[in-house]
J.: 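This is the structure I want to talk about, given as structure tokens.
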Amino acid sequence: MNKIIVKPKSLLDRLIQHTKWYNDFWGGALEIYNLNTFGLQVVNLGSGSAVHNFNYSGLNLKCFNFALGPQSLLHDFNIIKNYFSYFAKGCTILIPVCPFSGMVVKYDSKHNFKYYPILHPATIPNFDDTERTRAYRTIRNPFSVMPSVCVKNTLFEILRGLKHKIVKTRSGNLQASADSMMTSWKMQFSITDLYAPISEQHVKDINCRKGTLGEMLDFCLERGFKPVVVMPAMHPTLHKQIPTCFDSQYIAPLLEEAEKRGVACLDYMRDERFENDNYYLSALFMNEQGAKAFTKQVLKDLTLI
């Protein structure tokens, strides 16, 4: 394996590292990269909805959000393998299961890039040592590695900030975001009708992900942690497009892995307490107000607060 050489940070590198676009570039991985808190009592994994829907601010607990968007159950498991030494004994591990968590997604090298600084090489699918070296150089010296990208994105961010101050922005159309999300899901997973019987390929995918989830739960239980499967809340404009017959084919098989191990499953997907428009950035993602309300409810239901 090639030795990774990193140059000292320049002033420009430091400036870039404090921009929003740079944090977005890493898809949230920077928080994990900089993690230095041990004895975590509550953590969550998950994909995009978990990034937005869990907010532990103001709670008298040591908590951390390990969700990255997008992220599969396989990546969730690999994060646990790499970071369980940060967890307190009996740590509660919230494992989100969303409508399509059972699908097998083949992510490209661009998606893999954010994992190089935070995961051991053996836990990164299709590991590439050259990409790992580039990732470490980029996270340490972004301007030196990609100067034109840094200049362009920083200027765009400044201009967007000025526009935001001048033009009062309105919240997005929740129905439109729900329709867009549903269309995207159907295209990504080649599903035309959510009411139709599940395909053989999707059954294979779910069986694969059942295996992943089962191994993850066993890994947690063997180490004295408390895994909990959570189905996050979503706005009714979205969950009303998902029939209950879909649940039995695509979601229930995953939940069975938790149930047969005595692991709690908390279902908030159609919870009326979280149908308030003021809780959402989009039909799938909560805003800060919604995330705090949702997180507190989950922890209350687990008698952690």
Side-chain angles (χ1 to χ4, degrees), residues 28 31-32 35 37-69 71 73 75-77 79-81 83-99 101 210 212-235 239 247 251-276 279-280 284-305:
E31 285 78 9
I32 300 175
L35 176 63
T37 302
F38 289 86
L40 294 171
Q41 298 165 287
V42 180
V43 301
N44 70 270
L45 303 157
S47 192
S49 62
V51 171
H52 292 87
N53 293 11
F54 288 99
N55 187 316
Y56 303 102
S57 300
L59 297 177
N60 191 28
L61 289 169
K62 285 187 177 181
C63 308
F64 194 81
N65 189 335
F66 282 98
L68 300 175
Q71 182 158 279
L73 283 171
H75 288 93
D76 285 344
F77 190 13
I79 284 176
I80 291 178
K81 290 177 185 175
Y83 290 93
F84 73 91
S85 62
Y86 287 79
F87 303 170
K89 184 178 180 180
C91 175
T92 297
I93 302 175
L94 306 176
I95 303 173
V97 166
C98 297
S101 292
K210 281 177 63 177
T212 301
L213 180 58
E215 288 181 31
M216 191 185 338
L217 295 174
D218 289 339
F219 185 94
C220 295
L221 293 170
E222 288 165 4
R223 286 157 181 79
F225 303 131
K226 182 183 177 182
V228 178
V229 172
V230 179
M231 294 179 64
M234 60 178 66
H235 193 268
H239 73 61
D247 295 11
I251 302 174
L254 292 174
L255 302 185
E256 289 169 3
E257 291 298 308
E259 291 164 356
K260 71 184 183 183
R261 291 170 171 81
V263 171
C265 296
L266 303 180
D267 184 358
Y268 301 95
M269 192 167 84
R270 300 179 179 89
D271 196 315
E272 294 180 355
R273 292 171 295 181
F274 302 107
E275 293 190 345
N276 189 335
Y279 279 174
Y280 291 88
L284 185 62
F285 298 157
M286 285 181 155
N287 56 27
E288 183 177 356
Q289 178 188 357
K292 286 183 176 180
F294 174 70
T295 304
K296 285 183 179 178
Q297 188 60 56
V298 173
L299 299 183
K300 284 180 181 177
D301 289 344
L302 294 171
T303 65
L304 293 172
I305 58 173

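All heavy atoms count here, side chains included; hydrogens, waters and symmetry mates do not.
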J.: Could you walk me through whether Val263 and Leu221 pass the side-chain contact (heavy atoms from CB on, under 4.5 Å) check?
T.: CA-CA 9 Å; Val263 171; Leu221 293 170; 4.2 Å; yes
J.: Looking at side-chain heavy atoms only, is the closest gap between Leu284 and His235 below 4.5 Å?
T.: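 A side-chain contact under 4.5 Å is absent here.
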J.: Return the CG to CE distance between Asp271 and Met234, rounded to the nearest 0.5 Å.
T.: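 Going from CG on Asp271 over to CE on Met234, the span is 12.0 Å.
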J.: Check whether any side-chain heavy atom of Met231 sits under 4.5 Å from a side-chain heavy atom of Cys265, and report yes or no.
T.: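 Result no, sub-4.5 Å side-chain heavy-atom pair not found.
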J.: Let me confirm one number: the CZ-CD1 distance from Phe84 to Ile80, rounded to the nearest 0.5 Å.
T.: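 Those atoms lie 10.5 Å apart.
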J.: Which is it for Cys98 and Ser49 under the side-chain contact (heavy atoms from CB on, under 4.5 Å) test, yes or no, and what are the steps along the way?
T.: CA-CA 9 Å; Cys98 297; Ser49 62; 3.5 Å; yes
J.: Applying side-chain hydrogen bond (donor to acceptor under 3.5 Å, both in side chains), can you list everything that pairs with Glu257, at least two apart in sequence or on another chain?
T.: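 Glu257 satisfies side-chain hydrogen bond (donor to acceptor under 3.5 Å, both in side chains) with Lys260, Arg261 once adjacent residues are dropped.
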J.: Take Leu304 and Gln41 through the side-chain contact (heavy atoms from CB on, under 4.5 Å) test and state the conclusion after the steps.
T.: CA-CA 9 Å; Leu304 293 172; Gln41 298 165 287; over 6 Å; no
J.: What's the separation between atom CD1 in Ile79 and atom CD1 in Ile32, rounded to the nearest 0.5 Å?
T.: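 The CD1 atom of Ile79 sits 4.5 Å away from the CD1 atom of Ile32.
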J.: Do Met216 and Pro227 have side chains that get closer than 4.5 Å, going by heavy atoms?
T.: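 Result no, sub-4.5 Å side-chain heavy-atom pair not found.
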J.: Under 3.5 Å, is there a donor-acceptor pair linking the side chains of Glu288 and Asn55?
T.: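 Side-chain D/A pair, Glu288 to Asn55: absent.
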J.: Rounded to the nearest 0.5 Å, what separation is found between the NZ atom of Lys210 and the CG atom of Leu73?
T.: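 Taking NZ in Lys210 and CG in Leu73, the distance rounds to 13.0 Å.
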J.: Tell me, do Met269 and Val230 make a side-chain contact under 4.5 Å, heavy atoms counted?
T.: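 Counting from C-beta outward, Met269 and Val230 never come under 4.5 Å.
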J.: Check whether the ring centres of Phe54 and Phe294 lie less than 6.0 Å apart, and answer yes or no.
T.: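 Yes: the rings meet the under 6.0 Å criterion.
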J.: Rounded to the nearest 0.5 Å, what separation is found between the OH atom of Tyr280 and the CZ atom of Phe285?
T.: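 So the gap between those two atoms works out to 12.0 Å.
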J.: Can you give each donor-acceptor pair under 3.5 Å made by side-chain atoms of residues 85-93, sequence neighbours left out, with the distance rounded to 0.1 Å?
T.:
none

J.: With distance as the sole test, does Thr295 use its side chain to make a donor-acceptor pair with the main-chain N or O of Lys292 at under 3.5 Å?
T.: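 Such a contact is absent between Thr295 side chain and Lys292 backbone.
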J.: Distance check, rounded to the nearest 0.5 Å: Leu68 atom CG versus Glu31 atom CD?
T.: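 Between atom CG of Leu68 and atom CD of Glu31 there are 8.5 Å.
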J.: Give a yes or no on whether the backbone of Gly48 and the side-chain of His52 come within a donor-acceptor separation of less than 3.5 Å.
T.: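 Checked: pair present.
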J.: Distance only, no hydrogens: is a donor on one side chain within 3.5 Å (strictly under) of an acceptor on the other, for Asn53 and Tyr279?
T.: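 No - no donor-acceptor pair under 3.5 Å links their side chains.
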J.: Phe219 ring centre to Arg223 NZ or CZ under 6.0 Å, with the angle to the axis within 45°?
T.: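 Satisfied, under 6.0 Å and within 45°.
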J.: What pair of heavy atoms forms the shortest contact from Ala258 to Val229, and how long is it?
T.: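 The pair with the smallest heavy-atom distance is CB-CG2, 3.7 Å.
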J.: Which heavy atom of Pro96 sits nearest to which heavy atom of Ala50, and what is that distance?
T.: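 The answer is CG-CB, 3.9 Å.
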J.: Mind running side-chain contact (heavy atoms from CB on, under 4.5 Å) on Gln297 and Phe274 for me, showing each step along the way?
T.: CA-CA 10 Å; Gln297 188 60 56; Phe274 302 107; 3.7 Å; yes
J.: Which residue in the set Asp301, Asn44, Leu217, Leu94 passes side-chain contact (heavy atoms from CB on, under 4.5 Å) when paired with Val228?
T.: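 So the option named by the test is Leu94.
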J.: Residues in side-chain contact (heavy atoms from CB on, under 4.5 Å) with Cys63, at least two apart?
T.: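 Once residues adjacent in sequence are excluded, the partners of Cys63 under the side-chain contact (heavy atoms from CB on, under 4.5 Å) criterion are Val42, Tyr56, Leu61.
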